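Structure first, commentary second.
We count residues from 1, following the sequence as given. Keep in mind it's a predicted model, so treat the numbers as computed, not measured.
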Amino acid sequence: MNNPKVFVLLLAVTSLLLFGLLKYQESIRLDSHATGIVSALISDNTLTQSIDGHRRFLTVTINNQPPIVLTVPPTTQCNVGDTVQLSSTKTLFSSQTQYKFVSCQ
C-alpha cells in the first residue's frame, strides 16, 4: 500500500460496492414489505407535558393481541372506545410489525 494510486483505486472500488449494496437493500425493502391498513380499538388516551412540549400516546388493541402504545400528534382528538386506522409495515430483519397512526374514527 505504499503506492497512492492503488490506495485510491481500492477506496473507489470499495465505495462503489458499498453504494451498490445499500441501493440493493433499499430496493428489496420497498418491494417485499407491503403495507396495509389495520383497524384497532383505543383502550387508553394519555396526554403528557414536558419541557419541550406535549406528547399524546394511544394504547390500542388489535384483534385481541397485547396492547400497543403509539405516539400520535398532540392535537389528535380520539376518545377511549373509538376505532383508529393504522398503517402496518413488516420490519426488514425480523417478523415484527410496525404500526403508524393514520386517522381516528
Side-chain angles (χ1 to χ4, degrees):
M1 290 300 262
N2 291 335
N3 189 350
K5 290 180 184 178
V6 173
F7 177 74
V8 171
L9 181 64
L10 285 175
L11 180 64
V13 168
T14 305
S15 298
L16 286 173
L17 182 65
L18 179 62
F19 179 76
L21 287 173
L22 289 174
K23 284 298 184 180
Y24 178 71
Q25 177 189 11
E26 182 178 313
S27 68
I28 289 175
R29 180 177 46 199
L30 293 176
D31 292 341
S32 65
H33 301 288
T35 60
I37 300 295
V38 177
S39 294
L41 186 66
I42 299 174
S43 57
D44 193 22
N45 182 349
T46 306
L47 179 65
T48 62
Q49 183 176 2
S50 63
I51 294 173
D52 60 344
H54 291 71
R55 292 186 180 90
R56 185 175 299 274
F57 300 96
L58 294 180
T59 304
V60 298
T61 305
I62 302 171
N63 297 333
N64 296 325
Q65 294 179 1
I68 301 169
V69 178
L70 300 169
T71 304
V72 297
T75 56
T76 303
Q77 296 298 324
C78 297
N79 298 318
V80 174
D82 287 350
T83 302
V84 292
Q85 299 294 318
L86 306 174
S87 170
S88 65
T89 305
K90 290 280 188 183
T91 56
L92 184 60
F93 294 113
S94 69
S95 62
Q96 293 182 347
T97 304
Q98 293 179 343
Y99 296 100
K100 291 184 182 179
F101 176 80
V102 176
S103 66
C104 181
Q105 300 174 345

If you round to the nearest 0.5 Å, how far is CG of Leu86 from CD1 of Ile68?
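Answer rounded to 0.5 Å: 7.5 Å.
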I need the Leu58 CG to Leu41 CG distance, nearest 0.5 Å.
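That separation rounds to 11.0 Å.
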Could you identify which residues cluster with Val13, counting Ile, Leu, Val, Met, Phe, Trp and Tyr as linked when any side-chain heavy atoms lie under 4.5 Å apart, either directly or through a chain of such contacts?
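Its cluster mates, by chain and number, are Leu9.
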Partners of Thr71 by side-chain contact (heavy atoms from CB on, under 4.5 Å), sequence neighbours excluded?
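With sequence neighbours excluded, Thr71 shows a side-chain contact (heavy atoms from CB on, under 4.5 Å) to Phe57, given in chain and number order.
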Please name all residues satisfying side-chain contact (heavy atoms from CB on, under 4.5 Å) with Gln49, sequence neighbours left out, ordered by chain then number.
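For Gln49 the side-chain contact (heavy atoms from CB on, under 4.5 Å) partners, ignoring immediate neighbours, are His54.
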Check whether any side-chain N or O of [X] sits under 3.5 Å from a backbone N or O of [Y] as a donor-acceptor pair, and report yes or no.
X: Asn63; Y: Gln65; value: no
X: Ser50; Y: Gly53; value: yes
X: Ser88; Y: Val38; value: no

N/O donor to acceptor pairs below 3.5 angstrom from side-chain atoms of residues 73-84, sequence neighbours left out:
unit_1: Thr76; atom_1: OG1; unit_2: Pro73; atom_2: O; d: 3.0
unit_1: Asp82; atom_1: OD2; unit_2: Asn79; atom_2: N; d: 2.9

Locate the shortest heavy-atom distance separating Val102 from Ser87; write the atom from each residue and the value.
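Between these two residues, the closest heavy atoms are CG2-N, 3.5 Å.
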Ignoring hydrogens, what is the shortest heavy-atom contact between Ala40 and Val60? Give both atom names and the distance.
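In this case the closest contact between Ala40 and Val60 is CB-CB, 3.9 Å.
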Would you say Tyr99 and Thr89 make side-chain contact, with heavy atoms under 4.5 Å?
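No, side chains not in contact.
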Note, Ile42 side chain near Thr59 side chain (heavy atom, < 4.5 Å):
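Sidechains of Thr59 and Ile42: no contact.
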Taking only residues at least two apart or on different chains, which pairs with a member in residues 55-81 satisfy salt bridge (Lys or Arg N to Asp or Glu O under 4.0 Å)?
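Applying salt bridge (Lys or Arg N to Asp or Glu O under 4.0 Å) to every pair that reaches into residues 55-81, excluding sequence neighbours, yields Asp52-Arg55.
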The test is side chain to side chain donor-acceptor pair (under 3.5 Å); show your working for Ser39 and Gln85 and say whether it passes.
CA-CA 5 Å; Ser39 294; Gln85 299 294 318; 3.1 Å; yes
Considering only residues two or more places apart or on different chains, which pairs with a residue in residues 46-75 satisfy disulfide bond (SG atoms under 2.5 Å apart)?
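Residue pairs passing disulfide bond (SG atoms under 2.5 Å apart), neighbours aside: none found.
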